[in-house]
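Read through the structure below, which is laid out as structure tokens, and then see the notes.
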Amino acid sequence: MGNSLSCCLSPNVCPKLGRRRGSAEPDCESEVYESEVYKAAAGNAVAVAPAAATVEPAELDFAGGEGYHLQHISDREMPEDLALEPNPSDHPRASTIFLSKSQTDVREKRKSNHLNHVSPGQLTKKYSSCSTIFLDDSTVSQPNLRTTVKCMTLAIYYHIKNRDADRSLDIFDERLHPLTREKIPEEYFEHDPEHKFIYRFVHTLFSAAQLTAECAVVTLVYLERLLTYAEIDLCPTNWKRIVLGAILLASKVWDDRAVWNVDYCQILKDVTVEDMNEMERHFLELLQFNINVPFSVYAKYYFDLRSLADDNNLNVLFTPLSKERAQNLEAISRLCDDEYKDVCRAAMRRSFSADHFIGIRRSNAILS
């Protein structure tokens, strides 16, 4: 009754890890949690039942190799709160921001045409039938460069036009870091740029640097990721530098032949290499160095750009599907499938190497 010791733990519970072990796992070190309260009454010591001790699970000790796990880079890049608020540039099921911003103008245009009884006129878009299939020359693996760049710049236009506020950062402010030595009037930053002006700026960069259409899709992914991560808006004062930073980063990540910062200085004559380096460094820091673009996210942006082109009646050349084009499409599809299989095999080899490395670490820890 007096000096009795009582343990608050179950024999199958590890106090270090705070979890129940199986029969095959080794027993934890013996630790006794002791709490006794005594009350004196009539000269006799009465022992009160010990209070339940709170066991805090300790962190895993990787020194001995237990629970050693190599975390993939995509796991580290995904924030924990993304399940609550999916980011469209990270989550394949979240709707893109540019498409939702464009729907306001699309609904207003359709409503205006309906109220004013505007006739759609002659249909310029060709539709498939039972005898003929009309396709354009753009696929998700090989998009058309001109159409993709035009749709991407249209998405930027809607970002600027239907922005929520004018939140910005000094590194992207063109008034503080001009792209040209010419004097720019203040009225230039008070009006939203037109779509053709944005397209001319982006098309010049893509043409001079010889960038691919896939790079345009990745550019839009990085742009929306920056806007959501840094909580800023595209506005007349910063859109050029933000788009330039997104193109610069996308060309280095996506294309095999990277375009150096000094090459962009050859295109934009008045921009220094130091300015480009500083802007790229800030861009990466604001992205939290999350430059991973899953294929599901890439495909979502590609098809949303096609929907944007369809809503805004962009001229897309549709031609009948011939036997030769069908064979070419089948060959491209087979090639992409083979490349995907090669990527999967390489991933399996990397996984096997990682498991082998973990096994060596555990063996060395046991021997030591």
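Here the options are N87, T96, D90, the test is side chain to side chain contact (heavy atoms under 4.5 Å, CB included), and the partner is E224; only T96 passes. Tested against R241 for a salt bridge (Lys or Arg N to Asp or Glu O under 4.0 Å), the candidates D275, D173, D170 yield a single pass: D275.
Counting heavy atoms from C-beta outward, P236 and H191 have side chains that stay 4.5 Å or more apart. No side-chain heavy atom of L211 sits less than 4.5 Å from a side-chain heavy atom of W254. For the pair M276/C265, a side-chain contact is recorded, criterion being any heavy-atom separation below 4.5 Å from C-beta on. A 4.5 Å side-chain heavy-atom check between E231 and T228 finds every atom pair outside the cut-off. Put simply, the side chain of D270 reaches to within 4.5 Å of the side chain of R181, judged on heavy atoms. Put simply, the side chain of V243 does not reach to within 4.5 Å of the side chain of L205, judged on heavy atoms. Contact annotation: the side chain of D304 never approaches that of Y301 to less than 4.5 Å [non-hydrogen atoms, C-beta and beyond]. Within the 4.5 Å cutoff, no side-chain heavy atoms of V217 are placed close to those of V293.
In this structure, I232 and L169 approach most closely via the heavy-atom pair CG2-CG, 4.0 Å. Closest approach of T148 to A213, counting heavy atoms only: CG2-O, 3.7 Å. The nearest pair of heavy atoms linking L145 to F206 is CD1-CD2, 4.2 Å. Heavy atoms only, all atoms of each residue included: Q142 and E214 are closest at CA-OE2, 4.3 Å. Counting all heavy atoms, side chain and backbone alike, L226 lies closest to L287 at N-CD2, 3.6 Å. Scanning all heavy atoms of the two residues, the minimum distance from R175 to P178 falls at O-CD, 4.3 Å.
When hydrophobic side chains of Ile, Leu, Val, Met, Phe, Trp and Tyr are connected at separations under 4.5 Å, W260 ends up clustered with V262, V273.
R167 places no side-chain N or O within 3.5 Å of a backbone atom of A230 that could act as its donor or acceptor partner. With S102 contributing its side chain and L99 its backbone, the two residues share a donor-acceptor pair below 3.5 Å. Side-chain atoms of K300 come within 3.5 Å of backbone N or O of A94 as a donor-acceptor pair. No donor-acceptor pair under 3.5 Å is formed between the side chain of S207 and the backbone N or O of T204. Side-chain atoms of T147 never come within 3.5 Å of backbone atoms of P143 as a donor-acceptor pair (strictly under, hydrogens ignored).
Between K161 and D192 no salt bridge is recorded (no basic side-chain N to carboxylate O distance below 4.0 Å).
The number of heavy atoms from other shown groups lying within 6.0 Å of CD (E190) is above 12. Around the CD atom of E194, the shell of radius 6.0 Å holds no more than 12 heavy atoms that belong to other residues, nucleotides or ligands.
Note that CG of N162 is 10.5 Å distant from CD of Q103, once rounded to the nearest 0.5 Å. Y222 contributes atom OH, which lies 11.5 Å from atom CG of L248 (distance to the nearest 0.5 angstrom). Atoms NZ and CG, from K150 and N312 in turn, are 11.5 Å apart once rounded to the nearest 0.5 Å. Taken from OH in Y229 to CG in N290, the straight-line distance is 4.0 Å, to the nearest 0.5 Å. The line from CG of L179 to CD1 of I267 is 12.5 Å long, rounded to the nearest 0.5 Å. In this structure, N238 CG and S168 OG are separated by 4.0 Å, a value rounded to the nearest 0.5 Å.
The ring of W239 has its center no closer than 6.0 angstrom to the ring center of Y157.
Judged by distance alone, the side chains of Y264 and S251 do bring a donor and an acceptor atom under 3.5 Å apart. A side-chain donor from one of N261 and E280 sits under 3.5 Å from a side-chain acceptor of the other.
The cationic group of K101 does not satisfy the cation-pi geometry with Y158, failing either the under 6.0 Å distance to the six-membered ring centre or the 45° limit from the ring axis.
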Under the side chain to side chain contact (heavy atoms under 4.5 Å, CB included) rule, what do D164 and D233 come out as? Steps first, then yes or no, please. CA-CA 7 Å; D164 299 327; D233 304 279; 4.1 Å; yes
Checking side chain to side chain contact (heavy atoms under 4.5 Å, CB included) for the pair L154/H195: CA distance, chi angles, key distance, verdict? CA-CA 6 Å; L154 186 61; H195 174 226; 3.7 Å; yes
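Taking the six-membered ring for Trp and thresholds of 30 and 60 degrees, Y188 and F197 have ring planes more than 60 degrees apart, a perpendicular arrangement.
Residues I97 and L223 fall into different hydrophobic clusters, defined by Ile, Leu, Val, Met, Phe, Trp and Tyr side chains chained together at heavy-atom separations under 4.5 Å.
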